[in-house]
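Please read the structure below before turning to the comments.
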2 protein chains.
Amino acid sequence: MVRLYKLLPDGRRQIVGFALAGDFLGLALLDRYGVSADTVTDAKVCRFDRRVFTGYMDGRPHLLRRLHELTSHELSLAQEQMVVLGRRSAEERLAVFLMSLLKRFTRLGQGSITLPLPMSRQDIADFLGLTIETVSRTFTKLAKNRTIIVVPDGVRLVDRARLEALAAG
Amino acid sequence: MVRLYKLLPDGRRQIVGFALAGDFLGLALLDRYGVSADTVTDAKVCRFDRRVFTGYMDGRPHLLRRLHELTSHELSLAQEQMVVLGRRSAEERLAVFLMSLLKRFTRLGQGSITLPLPMSRQDIADFLGLTIETVSRTFTKLAKNRTIIVVPDGVRLVDRARLEALAAG
DNA sequence: CGTGCGTTTGAGCTAATTCAATAGGAGTGG
DNA sequence: CCACTCCTATTGAATTAGCTCAAACGCACG
């Protein structure tokens with residue numbers, strides 16, 4: 001797993017996404033793409049030289065179309081995250097986060113009772129626009145609810161319906 | 001000017017962007033693109049049938065490349081806005097908003113002493129993840145600072161350096 | 001000259017933050 | 001195997017930025 005983030009000069013960090021196996025990073029092909037990345041877990045990364053890559057795509061319009069699809073999808077996710085960051089409560093943010101991670105893992109065939117959370121609380125906080133303490137308290141609250149069970153490096157989604165409802169807003 | 005937004009079931013709204021003259025809407029070409037739009041000021045809009053448009057692009061890879069560029073740029077803006085929504089104070093949000101609008105108007109050759117703000121305070125609030133009252137108070141604060149002067153339907157950016165500094169974080 | 005709507009201002013509240021202390025492992029060395 | 005350290009996470013207490021509710025303002029329009 002890879003975290004993608006942007007930093008402000010004073011050190012504030014916003015994680016703009018987590019990349020899982022098979023995800024394409026740096027979709028934009030912009031001259032300067034202002035997002036940093038580092039690994040959360042060990043990861044195999046395949047790097048392309050931009051010139052070579054764009055050269056390769058010339059004459060292969062289907063590839064470019066695919067790249068555009070991926071970028072569009074990413075844009076759509078980013079806009080969804082804008083709603084999360086701009087308009088949702090801490091509890092809702094966490095619910096959205098857990099459900100969307102669950103869906104992504106499930107798509108990768110890694111669906112399981114326990115949702116792995118390899119990233120730190122700080123990472124989650126920086127993704128959701130919260131502090132580490134608020135993330136921790138919100139986990140505790142959901143656990144007291146019997147909505148989730150917090151386990152080492154993950155959570156069990158006990159009451160998925162309740163999480164869905166929270167995530168729906 | 002057009003506002004682009006997403007709604008939650010309970011009516012909370014997040015404006016994901018404002019489109020100005022020449023901007024391309026619905027870049028994604030996804031089956032369902034979950035963003036609504038309406039006009040802030042009168043606007044001429046050119047609509048393309050998606051089938052026709054994608055058909056037209058086949059065999060014109062430069063067009064697709066251009067579309068991808070635009071989408072990438074939009075993604076980049078969305079990620080920047082995620083930083084704004086996730087990590088910045090009300091004052092910083094407003095500064096970023098004003099400076100980026102200024103730059104866009106300037107690019108369109110509409111640079112002027114007064115920055116027009118045709119959208120309502122509610123629109124600004126829903127774009128910046130704030131309430132209308134906080135937006136209003138922050139305008140007042142910047143005005144007392146002599147950073148801006150609030151005028152009908154706009155602001156004069158008196159101390160642009162200070163705004164830049166705020167926007168830089 | 002009202003009436004209506006968007007904006008500003010005021011006062012009090014609260015969700016989330018900040019600051020501080022404690023707890024829980026994982027890894028290390030005796 | 002235990003003691004110790006380090007680091008992350010949790011919990012607690014106090015603070016605050018921004019929100020909510022409410023009132024006043026100001027202007028366009030009939």
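Sequence lines set the chain letters: A, B, ... in the order given, protein chains first and strands last, and positions in each chain run from 1.
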Which protein N or O atoms sit under 3.5 Å from an N or O of nucleotides 23-28 of chain C?
none

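- Checked by atom type and distance alone, the side chain of A:Thr39 never pairs as donor or acceptor with a backbone atom of A:Asp42 at under 3.5 Å.
- In this view, B:Tyr56 satisfies the ring pair (Phe, Tyr, Trp, His ring centres under 6.0 Å) rule with no residue, not counting sequence neighbours.
- If you check distances only, the side chain of A:Arg137 does reach the base of D:dG12 with a donor-acceptor pair under 3.5 Å.
- With sequence neighbours excluded, no residue forms a ring pair (Phe, Tyr, Trp, His ring centres under 6.0 Å) with B:Phe105.
- Judged by distance alone, the side chain of B:Thr140 and the main-chain N or O of B:Ser136 form a donor-acceptor pair under 3.5 Å.
- B:Ile113 belongs to no hydrophobic cluster with other residues, because no ILVMFWY side-chain heavy atom falls under 4.5 Å from its own, directly or through intermediates.
- Listed by residue number, B:Ser120, B:Arg121, B:Glu133 are the residues of residues 113-134 of chain B with a heavy-atom contact under 4.0 Å to DNA chain C.
- Crowding of B:Arg12 atom CZ: a count of heavy atoms from other residues, nucleotides or ligands under 6.0 Å exceeding 12.
- Contact check on B:Arg93 versus B:Glu80 returns no salt bridge, with no Lys/Arg side-chain nitrogen under 4.0 Å from an Asp/Glu carboxylate oxygen.
- Annotation: cation-pi geometry satisfied between A:Arg121 and A:Phe139 (NZ/CZ under 6.0 angstrom from ring centroid, within 45° of ring axis).
- Grouped by direct or indirect side-chain proximity (heavy atoms under 4.5 Å, Ile/Leu/Val/Met/Phe/Trp/Tyr only), B:Val151 sits with B:Ile149, B:Val158.
- Listed by residue number, the members of residues 139-148 of chain A with any heavy atom below 4.0 angstrom from DNA chain C form an empty set.
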Could you pull out every donor-acceptor pair under 3.5 Å between side chains of residues 81-88 of chain B and any protein atom, sequence neighbours left out?
residue	atom	partner	partner atom	Å
B:Gln81	NE2	B:Phe127	O	3.2
B:Arg87	NE	A:Arg13	O	3.0
B:Arg87	NH1	A:Leu130	O	3.3
B:Arg87	NH2	A:Ala125	O	3.1
B:Arg87	NH2	A:Asp126	OD1	2.8
B:Arg87	NH2	A:Leu130	O	2.7
B:Arg88	NH1	B:Leu166	O	3.4
B:Arg88	NH1	B:Ala167	O	3.1
B:Arg88	NH2	B:Ala167	O	2.8
B:Arg88	NH2	B:Ala168	O	3.2

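- Within 6.0 Å of CZ on B:Arg156 lie no more than 12 heavy atoms contributed by other residues, nucleotides or ligands.
- Not a single donor-acceptor pair under 3.5 Å links the side chain of B:Lys6 to the backbone N or O of B:Ile15.
- Listed by residue number, the members of residues 83-91 of chain A with any heavy atom below 4.0 angstrom from DNA chain D form an empty set.
- With respect to the salt-bridge test (charged N to carboxylate O, under 4.0 angstrom), the residues A:Asp159 and A:Arg146 do not qualify.
- Residue B:Asp153 contributes atom CG, which lies 13 Å from atom C1' of D:dG26 at whole-angstrom precision.
- Only at 4.0 angstrom or more do the heavy atoms of residues 2-17 of chain B sit from any atom of DNA chain C, so none qualifies.
- For B:Glu91, the salt bridge (Lys or Arg N to Asp or Glu O under 4.0 Å) partners two or more places apart in sequence, or in a different chain, are B:Lys141, B:Arg162.
- Sequence neighbours left out, not one pair with a member in residues 147-169 of chain A passes ring pair (Phe, Tyr, Trp, His ring centres under 6.0 Å).
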